[in-house]
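Step one of this worksheet: look at the structure below.
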Amino acid sequence: MLRTALSTLALALLGWWSAAWITKDFHAWTAEGARRLIVIEQPVAVPKVALAGPGLVDADLYTWLNGAGRATIVDFVYTRCPTVCTTLGSGFQQLQHALATETTDGVKLLSISFDPAHDDASSLQRYATQWRADPNRWAIATVRDADQLQGLLTAFQVVVIDDGRGGYEHNAALLVLDGRGRLVRIFDDAEFELALNYARSIAQREAGE
Amino acid sequence: MTSMCRAGSQSARWRTAAVLLLLSLMLLPSVRRMTESSMTAHMLIQYPCLMLLGALLVQELPARWVSAAQRWNELGIAGLVGSALTLAVLMVPRVLDLALVDARVEALKLIALVASGAALRLSWQRAGVVVQVFFLGNLLPMTAVVGTLYQDSAARVCNAYRLDDQQALGLALVMIAIATAALWLLQVATRRTGNDALFREP
């Protein structure tokens, strides 16, 4: 019976250790939860990506993000999206409104379409018009080369799947990137206030440095 | 007699080969892509198939190895605790997502499933009613709770799978938990039991 007690104990410890590892010490049960914790521990640098969209001519994402005292709130969308992107769209509109009262150039907004095959310049322009995006505050873009899309999605753990009805399901969220082109925090797609405050604080911190 | 033995060992060899062939089929990248294409298939096709193959594979091992291992597994306690913990960990939604993108996690998941099938096979008969109750009493309520969460969550718990898929899986998990409990009770009720059988199968 001693042997059985020992082997049971060993298996229990192994089970405990695996559970702790997979849940990040019992803090994250889903991949989405883990993604948000991992970004806090270890900011993710943007890969090399060229953007295209209204008002953007071959803009390199890193260069676009780069600048003293700047933070960017990014969301990933596709312009035909009927559900979650509508929430994101109106949320971004409210963020733009909140930012309009500011004189400093601290926080910017960027919507990136993960559907470059469908979202050409005119679709993006239509989306910008629909949400009355101010091009000085809120850029709407997609990747210029479809080849660079997967690298960007993988780096940020944005997962896009077929929704079976001709559209996509995706882990929509608010991604806050700092002026050095790093993804530093991820907020829930309803936490616009929190995302804005966080983006402001890092923009100010970077401006102070 | 000799010829019978030879025939027996030859058919055993064929059986072993068949189990190994099926196992390697399940591990082929294209078959894995198929069995992992939906959350429901992932948990209700791939998981049980690999466990079943683990259970079949362990029967092909030399009796000497099995009896040596069983010295560490009295009343099937170690095997059932190990299987229950393995299945509990493999029901964490992050495992399903991570297995699709991280080869290490996928490999460990596949090994754990085969091993827990083998452990169940080696342990179930040795465990009496009491140890079986302990095992099922942990695993089935957990399965039902996970199933309920999958159904009730408005958000997706796996980034790689759809919400309707998750809800269908949730319903199926609850039904499986109930059906397993009912079958087990029926099996205990219809069997002649002595005191002895409470702890160890006759």
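In what follows, every heavy atom counts, from backbone to side chain, and hydrogens, waters and symmetry copies are set aside. As the structure is a prediction and not an experimental result, all values here were calculated from the model. First the proteins, then the strands, lettered A, B, ... as listed; each starts at 1.
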Problem - Stepwise salt bridge (Lys or Arg N to Asp or Glu O under 4.0 Å) test for A/Arg185 and A/Glu191 - result: CA-CA 12 Å; A/Arg185 195 66 77 91; A/Glu191 297 177 330; over 6 Å; no

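Most heavy-atom pairs under 4.5 Å with chain A: of the set B/Asn73, B/Val105, B/Thr86, this distinction falls to B/Asn73. With chain A as the partner, the residue from B/Leu80, B/Val95, B/Val101 showing the most heavy-atom pairs under 4.5 Å is B/Val95. Across B/Leu108, B/Val81, B/Leu85, the residue that shares the most heavy-atom pairs under 4.5 angstrom with chain A is B/Leu85. Comparing A/Leu9, A/Leu2, A/Ile22 by heavy-atom pairs within less than 4.5 Å of chain B, the highest count is held by A/Ile22. Ranked by non-hydrogen atom pairs under 4.5 Å with chain B, the options A/Ala31, A/Gly33, A/Gly164 are led by A/Ala31. Put simply, of A/Ala5, A/Gly15, A/Ser7, the one with the most heavy-atom pairs under 4.5 Å next to chain B is A/Ser7.
In this structure, A/Ser113 contributes its side chain and A/Thr142 its backbone to no donor-acceptor pair below 3.5 Å. A donor-acceptor distance shorter than 3.5 angstrom exists from the side chain of A/Thr4 to the backbone of B/Glu74, with no hydrogens or angles considered.
One finds a salt bridge joining A/Lys24 and A/Glu41 here, because a Lys/Arg side-chain nitrogen approaches an Asp/Glu carboxylate oxygen to under 4.0 Å. Contact check on A/Asp178 versus A/Arg205 returns no salt bridge, with no Lys/Arg side-chain nitrogen under 4.0 Å from an Asp/Glu carboxylate oxygen.
When heavy atoms are compared at a cutoff of 4.5 Å, B/Val92 approaches chain A by way of both its backbone and its side chain. In this structure, the portion of B/Leu98 lying under 4.5 Å from any heavy atom of chain A is its side chain and not its backbone. For A/Ile161, the part lying under 4.5 angstrom from a heavy atom of chain B is the side chain only.
Between A/Phe114 and A/Tyr78, the ring planes lie tilted relative to each other; the angle falls in the 30° to 60° range. Taking the six-membered ring where the residue is Trp, A/Trp16 and A/Phe26 present tilted rings, their angle falling between 30° and 60°.
Partner of A/Leu174 under the side chain to side chain contact (heavy atoms under 4.5 Å, CB included) criterion, out of A/Ile73, A/Leu196, A/Val74: A/Ile73 alone.
Within a 6.0 Å sphere centred on CZ of A/Arg36, heavy atoms belonging to other residues, nucleotides or ligands number more than 12. Residue A/Gln130 qualifies as enclosed at atom CD: its count of foreign heavy atoms under 6.0 Å is above 12.
The interface of residues 143-174 of chain B with chain A, defined by heavy-atom distances below 4.5 Å, comprises B/Arg156, B/Val157, B/Asn159, B/Ala160, B/Tyr161, B/Arg162, B/Leu163.
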